[in-house]
Chemist: 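The structure's right below; bear with me while I get my questions together.
Computed from a predicted structure; not experimentally measured. Residue numbers begin at 1 in each chain, while the letters A, B, ... track the order of the sequences.
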Number of protein chains: 2
Amino acid sequence: MTGSTFKIDQNVRCSACPIRHRAVCAYCEPDEVVQLDAIKSYRTFAAGDTIAMAGDETSKIGSIVSGVATLSRTLPDGRRQMVGLLLPSDFVGRPGRRETPFDVVAATETTLCLFQKRQFEALIASTPSLERRLLDMTLDELDSAREWMLLLGRKTAREKIASLLAIMARRDAALSKATPMDGIRFSLPLTREAMADYLGLTIETVSRQISKLKKERIIVLEDARHIRVPDFISLLNEAGDDSDGGFIA
Amino acid sequence: MTGSTFKIDQNVRCSACPIRHRAVCAYCEPDEVVQLDAIKSYRTFAAGDTIAMAGDETSKIGSIVSGVATLSRTLPDGRRQMVGLLLPSDFVGRPGRRETPFDVVAATETTLCLFQKRQFEALIASTPSLERRLLDMTLDELDSAREWMLLLGRKTAREKIASLLAIMARRDAALSKATPMDGIRFSLPLTREAMADYLGLTIETVSRQISKLKKERIIVLEDARHIRVPDFISLLNEAGDDSDGGFIA
DNA sequence: TTAAGGCCTTGATCAAGATCAATAGGCTGG
DNA sequence: CCAGCCTATTGATCTTGATCAAGGCCTTAA
C-alpha cells in the first residue's frame, strides 16, 4: 500500500493504469485527484475462463482494462442467456453486494483492474463524485439493458443479427475515431455460440442469418471473426429501428 | 415552499406522504430527516393515460404512490416491448437526464408523487445518503432487467406466463404479509395485451397459456383479473428456474 | 332493449426458428 | 503427416408461437 495519488487526464494514460481515462478510471471525473493505486491489482484471464460464477461471494470489484467479457445467466436445464457484454472501461461487480448474480466469462483474453471491494466501498463513501459517476454509469447500463429487452422480445433473427453487428461496428468505429458512415471493417470477438446466447437464438440460426446478409452483400466476411460493412446505413435498416441500440453492458 | 422537515419511520405513514416509508421516501434511509415536502406535488393519471413519451423532455421526476404503470419502447412498425413494470415506491424519471428514453403509461389509475427535477437534483447533491440509495435502487433495477432478459431470450411461452404470475403473486403476498407458500389469491392489474407486451408474446398466446394452466388446475381464474394459486410451488416449477425472478422495475 | 366497442377466448393454418444430422475447415499435439 | 477436437456451415424436418378469423361476454350508451 504505497498510497500515492495521481492525476487523471481525459486523453493521457494515467500514471497507474495502462489505459486511458475512461477505461480504468471511469469512476472519477476528469482532472480529479484520487488515491486509488494503493488498493489496485491486475489480473488477466484467458479466453473462455470463468471470472466469477453466479452466486459467488466476491471480495473484489474492478473494471475491464482490455478484452471482452460476458455476463450471463443459465437455467437449470442449461439454456443460457447473455445479459451483458463487458468492454474496456466497463465495471465488474457491485459495490454493496455480497454475491454476483450472473456468470462472468472472458470471451477473449481479458485483463481486469481490480480493487478490494471493502476498500473501494470506503473510497466511494469518502468521494461523492465517485458515487455520482457510478450512478450515472449504472443508469446507462439500465437503459442499455432495456433497449436489449426490446431486441430479445420483439425483433426477428435477422434484425437481431443486424443490431449486434451495428453495435460492434459502432464500437470499433468509436475506438478508431473513424466516422461509421462509410465502409468500415471491424472484428467480432464472439463465437457463434456467444452471439446466439446474446441474441436468444441458436448457433445455427446465427450462422444462417450471417450467411444470408453476406449473400446479400450487406456485410462482407473477411474471415469468421472479421467483417466489413460497405454501407453502414443499409445495415442499420436491417436492425429494425433507427435508435443506436447502444448495448454495452 | 414551506420547507418543513419531517421524520420517516419504517412502518408509519410519513407526515407529508399518504403512504408508508418505502413508497414515497424510497430515497431516504429509515429514520432520516429530510427536507422534501417543500418541493413536492401529486398527480393522478387514469388507466391508459400516457405519463411520458419516449424522447420527451422532462422537468419532473417522482415515484409511484399507488397504481401500476408500465415502461415500454415501440419500434417504428408498432411492435412494442414492455421493459419495466412500475409499482408503488418505484422511481419514474432520471436525475441528470434530459429525456425519458421510454414511454411511461398508467396501467391502472396511478398516483405519482412528483418533484421538480432541478430541485431534486440539488437535494441529491447535498444529501450523499440519498445518492447512495438511488444507486442501490438502480442496481436492483438493473439486476431485475437482466433477469427479465433471460425470460425474454430463453423461456417458453408457458414459462413466461408462470414467471409473470409468480411475480405478481409474490408482490401481492409481500404487500399483505402472507406467506406465499400456501394458497394465495391476487389481482392481475394488466390486460392480456399488456402481459403480451411484457413477455414478448401475442395476446392469443397469453390467453391460451393461461387457459391451459387453468385447465391443469395450477391456477384458478376467479375472473379475468383475479387469480388464485392453490399450490405456489407447482407454479414456480412451471416458471423454469428456481430463482425468484424478481422483476419489479 | 338493443347496438357498439373493448377485451378475451378458441380454432385453423402458417412460418420462423429450433432441432437433428451431416460435413467441412482450422488448430493443436503426437 | 494425420488424428482429434472445436467451430462453423448447410440441409431436412419438426415445433412453437404467430397470424388470420370467428365468436362470446361485459360494459356503456342510445
Side-chain angles (χ1 to χ4, degrees), chain A residues 46-49 70 75 77-81 105 107-109 151-165 187-216 219-227 238 240, chain B residues 46-49 75 77-81 105 107-108 151-165 187-216 219-227 238 240:
Chain A
D49 279 5
T70 66
L75 290 172
D77 64 2
R79 283 174 285 174
R80 193 184 317 145
Q81 176 63 49
V105 178
T108 64
E109 180 170 286
L151 176 145
L152 289 174
R154 294 301 188 192
K155 287 193 180 178
T156 64
R158 182 186 177 91
E159 289 168 339
K160 286 176 174 182
I161 296 285
S163 298
L164 176 59
L165 295 180
S187 72
L188 194 60
L190 298 175
T191 63
R192 295 288 183 264
E193 190 185 20
M195 287 191 254
D197 286 344
Y198 202 12
L199 300 169
L201 298 171
T202 59
I203 52 173
E204 293 95 330
T205 299
V206 169
S207 186
R208 269 186 257 273
Q209 293 297 336
I210 288 183
S211 297
K212 224 177 194 176
L213 289 174
K214 188 179 74 178
K215 220 167 288 166
E216 298 173 20
I219 60 173
V220 179
L221 263 86
E222 307 198 335
D223 60 68
R225 297 292 180 86
H226 288 91
I227 292 188
E238 300 300 332
Chain B
D49 280 4
L75 289 172
D77 64 3
R79 281 173 288 174
R80 195 183 316 145
Q81 176 63 49
V105 178
T108 64
L151 176 145
L152 289 173
R154 294 301 189 193
K155 286 192 181 178
T156 64
R158 182 185 176 91
E159 289 168 339
K160 286 177 174 182
I161 296 285
S163 299
L164 177 59
L165 295 180
S187 71
L188 193 60
L190 298 174
T191 63
R192 296 287 183 265
E193 191 185 19
M195 286 190 255
D197 286 344
Y198 203 12
L199 301 170
L201 298 171
T202 59
I203 51 173
E204 293 96 329
T205 299
V206 169
S207 185
R208 269 185 258 272
Q209 294 298 335
I210 288 182
S211 297
K212 224 177 194 175
L213 289 173
K214 189 178 71 178
K215 221 166 288 166
E216 298 172 22
I219 60 173
V220 180
L221 264 85
E222 307 197 336
D223 62 64
R225 298 291 181 87
H226 288 92
I227 292 189
E238 299 301 332

Chemist: I'd like to know if A:Arg79 and B:Glu159 make a salt bridge, using a cut-off of under 4.0 Å between side-chain N and carboxylate O.
Modeler: yes

Chemist: To the nearest Å, how far apart are A:Asp197 CG and D:dT7 P?
Modeler: 12 Å

Chemist: Is B:Ser211 close enough to C:dT9 that one of its side-chain N or O atoms is under 4.0 Å from OP1 or OP2 there?
Modeler: no

Chemist: Quick one, A:Glu216 with A:Arg158, criterion salt bridge (Lys or Arg N to Asp or Glu O under 4.0 Å). Give me CA distance, side-chain angles, the key distance, then yes/no.
Modeler: CA-CA 12 Å; A:Glu216 298 173 20; A:Arg158 182 186 177 91; 2.6 Å; yes

Chemist: What is the separation between atom NZ on A:Lys155 and atom C1' on C:dG17, rounded to the nearest whole Å?
Modeler: 18 Å

Chemist: What nucleotide among D:dG11, D:dT19, D:dA8 has an atom nearest to a side-chain atom of B:Arg208?
Modeler: D:dT19

Chemist: Within the structure, does a side-chain N or O atom of B:Thr202 lie under 4.0 Å from either OP1 or OP2 of D:dG17?
Modeler: no

Chemist: Are the side chains of A:Asp197 and B:Arg154 in contact, using a 4.5 Å heavy-atom criterion?
Modeler: yes

Chemist: Quick check on DNA chain C: between A:Thr205 and B:Met195, whose nearest nucleotide comes earlier from the 5' end?
Modeler: B:Met195

Chemist: Taking the side chain as everything from C-beta on, heavy atoms only, tell me whether B:Leu201 gets closer than 4.5 Å to B:Gln209.
Modeler: no

Chemist: What is the separation between atom CD on B:Glu204 and atom C1' on C:dG11, rounded to the nearest whole Å?
Modeler: 11 Å

Chemist: Could you give the CD-to-C1' distance, from B:Gln209 to D:dG17, as a whole number of Å?
Modeler: 9 Å

Chemist: Taking only the side-chain heavy atoms of B:Leu221 (C-beta and beyond), determine which of D:dC20, C:dT9, C:dA18 contains the nearest atom.
Modeler: C:dT9

Chemist: Quickly work out the A:Arg192 CZ to C:dA24 C1' distance and round it to whole Å.
Modeler: 14 Å

Chemist: Just the rounded figure in Å: distance from C1' of C:dC8 to CD1 of B:Ile161.
Modeler: 13 Å

Chemist: Between B:Arg158 (CZ) and D:dG17 (P), how many Å, whole number?
Modeler: 11 Å

Chemist: Go nucleotide by nucleotide along DNA chain D from the 5' end; which of A:Thr191 and A:Arg154 gets its closest nucleotide reached first?
Modeler: A:Thr191

Chemist: Determine whether a donor-acceptor pair (N or O, by modelled atom type, separation under 3.5 Å) exists between the side chain of B:Lys160 and the backbone of B:Leu199.
Modeler: yes

Chemist: Under 4.0 angstrom, heavy atoms only, what part of the nucleic acid is A:Gly200 near: base, sugar-phosphate, or nothing?
Modeler: sugar-phosphate

Chemist: Mind calculating the distance between NE2 (A:His226) and P (D:dT7) to the nearest angstrom?
Modeler: 18 Å

Chemist: Heavy atoms under 4.0 Å, any strand shown: does B:Leu201 hit a base, just sugar-phosphate, or nothing?
Modeler: sugar-phosphate

